[in-house]
Amino acid sequence: MLAGIMILLVLIMLVLPSSSVEDEEVRPVSNDHECACEGRTCVSGDRCLGQQCFSSLTVSEGTRVYQKGCFKVYEQGRMTCKTPPSPDQIVECCQGHLCNLNITVELPVQGRSAGAGPSYSVTTLAVVIVAPIIVLVLLSGVAALVFQRIHRNQMERLTVRDAEYGTIDGLIASNVGDSTLADLLDHSCTSGSGSGLPFLVQRTVARQITLNECVGKGRYGEVWRGQWQGENVAVKIFSSRDEKSWFRETEIYNTVLLRHENILGFIASDMTSRNSSTQLWLITHFHEMGSLYDYLQQSTVDTAGCLRMALTIASGLAHLHVEIFGTQGKPAIAHRDLKSKNVLVNKNSQCCIADLGLAVMHFQDN
């Protein structure tokens with residue numbers, strides 16, 4: 001029982017002070033101010049005395065009615081002055097000597113609450129929105145031009161630098177669909193090397209070849225017909241134990257200025273892994289007519305054709321034997337295994353010399 005009484009007393013103490021404080025906060029010391037008085041409420045001239053001065057605007061039946069005056073009763077002024085403005089009435093209050101003399105109130109703009117920011121015209125809003133967009137577009141255009149100029153300068157420098165080393169054309173030519181084997185080999189001939197492709201391009205080409213069928217076997221391994229970008233190529237596959245033969249033939253084919261229409265066209269050389277075993281590849285042109293030995297077994301050659309074939313073989317052999325002097329000269333090369341099985345026949349019934357695994361090079365200085 002005693003605990004209940006104490007709880008009731010605490011609640012009464014919590015409630016009573018708050019209401020008394022609120023009364024003390026809203027009621028200041030009584031002090032009348034002289035206020036400007038205008039409108040129908042003024043009966044004693046253009047001045048009045050009261051607790052608060054006010055200036056108001058009321059719309060009545062479409063007519064604006066402006067009034068100024070004073071509130072003599074504080075509670076009346078407090079209630080009126082704290083009333084928020086509405087579309088047809090607004091009241092502003094102040095305290096001080098003639099503080100409402102120069103106050104002219106206006107109704108708030110419809111759709112905007114009191115205390116909102118200033119209103120802007122449609123033109124101003126359009127300028128504020130469009131101007132940043134235009135500036136952003138202009139800056140983006142300038143940035144794009146700058147980056148394009150920088151990119152062009154970098155590409156020009158790369159082109160000049162790579163042209164000095166002679167690598168860029170080969171790297172571009174190795175992309176799928178960009179060039180054919182003829183393009184790659186033409187570049188190899190015209191660039192002055194006259195041998196195979198750049199080493200990096202050889203590795204790229206070798207990894208893009210699909211083996212289709214085996215067309216021959218020998219002591220060194222197998223010869224397969226493969227495809228690279230839709231073109232037939234011959235892939236001579238050495239076993240891992242014949243690495244010296246593969247390396248020797250690769251070295252001969254990579255000799256500077258060796259390329260000739262009557263010598264088998266060398267494309268690439270690479271070491272790859274197939275079926276968990278190491279394979280050594282030598283990639284060359286593919287001649288569907290096969291070797292001269294096979295061709296003579298199946299076809300009859302007249303005297304003119306025989307002389308033409310002999311001439312092409314002699315032309316290729318002469319190019320092997322000749323020594324070319326110069327900064328990038330070619331040594332004299334002896335084939336040492338020239339026979340009909342090592343001579344291939346192309347579609348024009350011309351021959352080219354192949355299988356340089358036993359060839360040797362002769363240099364003047366050693």
Residue pairs passing the ring pair (Phe, Tyr, Trp, His ring centres under 6.0 Å) test with at least one member in residues 44-64, sequence neighbours excluded, are Phe54-Phe71
Distance-only criterion, 3.5 Å: show the donor-acceptor pairs between side-chain atoms of residues 293-301 and protein atoms not counting sequence neighbours.
from   : atom 1 : to     : atom 2 : distance (Å)
Asp294 : OD2    : Ser291 : OG     : 3.1

### Task
Give a yes or no answer on whether the side chain of Arg259 reaches the backbone of Phe266 with a donor-acceptor pair at less than 3.5 Å.
yes
On a heavy-atom basis, the closest approach of Leu57 and Glu106 is CD2-CA, 4.1 Å
Grouping ILVMFWY residues whenever side-chain heavy atoms fall under 4.5 Å, the cluster of Leu138 otherwise contains Val130, Ile134
side-chain contact (heavy atoms from CB on, under 4.5 Å) test vs Trp224 passes for just one of Thr210, Val215, Leu211, namely Leu211
* **Linked, directly or transitively: Phe238 and Leu358 (ILVMFWY side chains, under 4.5 Å)** => no
Closest non-hydrogen atoms of Leu317 and Ile353, given as atom of the first, atom of the second and distance, are N-CD1, 3.3 Å
Residue pairs passing the disulfide (SG to SG under 2.5 Å) test with at least one member in residues 275-361, sequence neighbours excluded, are none
Item to check | Trp228/Ile283 under side-chain contact (heavy atoms from CB on, under 4.5 Å): CA gap, chis, key distance, verdict | outcome: CA-CA 10 Å; Trp228 182 78; Ile283 305 164; over 6 Å; no
Checklist entry - Can Cys70 and Cys35 be said to form a disulfide bond (SG atoms under 2.5 Å apart), step by step? => result CA-CA 6 Å; Cys70 54; Cys35 305; 4.9 Å; no
Q.
Let's go through Lys68 and Asp46 carefully: what are the C-alpha distance in whole Å and the side-chain angles of both, what is the deciding distance for side-chain contact (heavy atoms from CB on, under 4.5 Å) to 0.1 Å, and is it a yes or a no?
A. CA-CA 9 Å; Lys68 293 183 180 181; Asp46 58 354; over 6 Å; no
Residue pairs passing the side-chain hydrogen bond (donor to acceptor under 3.5 Å, both in side chains) test with at least one member in residues 329-339, sequence neighbours excluded, are Asp337-Asn342
Heavy-atom closest pair (Gly316 atom, Ile263 atom, distance to 0.1 Å) is O-CD1, 3.8 Å
- disulfide bond (SG atoms under 2.5 Å apart) between Cys53 and Cys93, worked out: CA-CA 6 Å; Cys53 304; Cys93 302; over 6 Å; no
### Message
Using modelled atom types and a 3.5 Å cut-off, is there a donor and acceptor pairing between side-chain atoms of Glu249 and backbone atoms of Leu356?
### Response
yes
### Query
Can Arg308 and Leu311 be said to form a side-chain contact (heavy atoms from CB on, under 4.5 Å), step by step?
CA-CA 5 Å; Arg308 185 166 52 250; Leu311 178 62; 5.7 Å; no
Practice item. Identify whether Leu264 and Met361 are in the same connected component of the hydrophobic contact network (ILVMFWY, side-chain heavy atoms under 4.5 Å). Key: yes
message = Please check: side-chain N/O of Ser349 versus main-chain N/O of Val345, any donor-acceptor pairing under 3.5 Å?
response = no
### Message
Treating Asn348 as the side-chain partner and Gln350 as the backbone partner, does any N or O pair qualify as donor plus acceptor under 3.5 Å?
### Response
no
So the ring pair (Phe, Tyr, Trp, His ring centres under 6.0 Å) pairs with at least one residue in residues 303-323 (sequence neighbours excluded) are His260-His319
Notebook entry, point to check: Are Val142 and Ile150 connected in the hydrophobic side-chain network, where two residues link if heavy atoms are under 4.5 Å apart?
Noted result: yes
Exercise. Does a salt bridge link Lys244 with Glu251, judged by any charged N lying under 4.0 Å from a carboxylate O?
Worked result: no
For Leu107 and Ser86 the tightest heavy-atom approach is CD2-O, 3.8 Å
Is Asn100 reaching over with its side chain to a backbone N or O of Ile103, donor-acceptor style, under 3.5 angstrom? no
key: ILVMFWY network linking Phe247 to Leu280, side-chain heavy atoms under 4.5 angstrom   = yes
Legend entry - hydrophobic_cluster_shared for Val105 and Val59, side chain cutoff 4.5 Å: yes
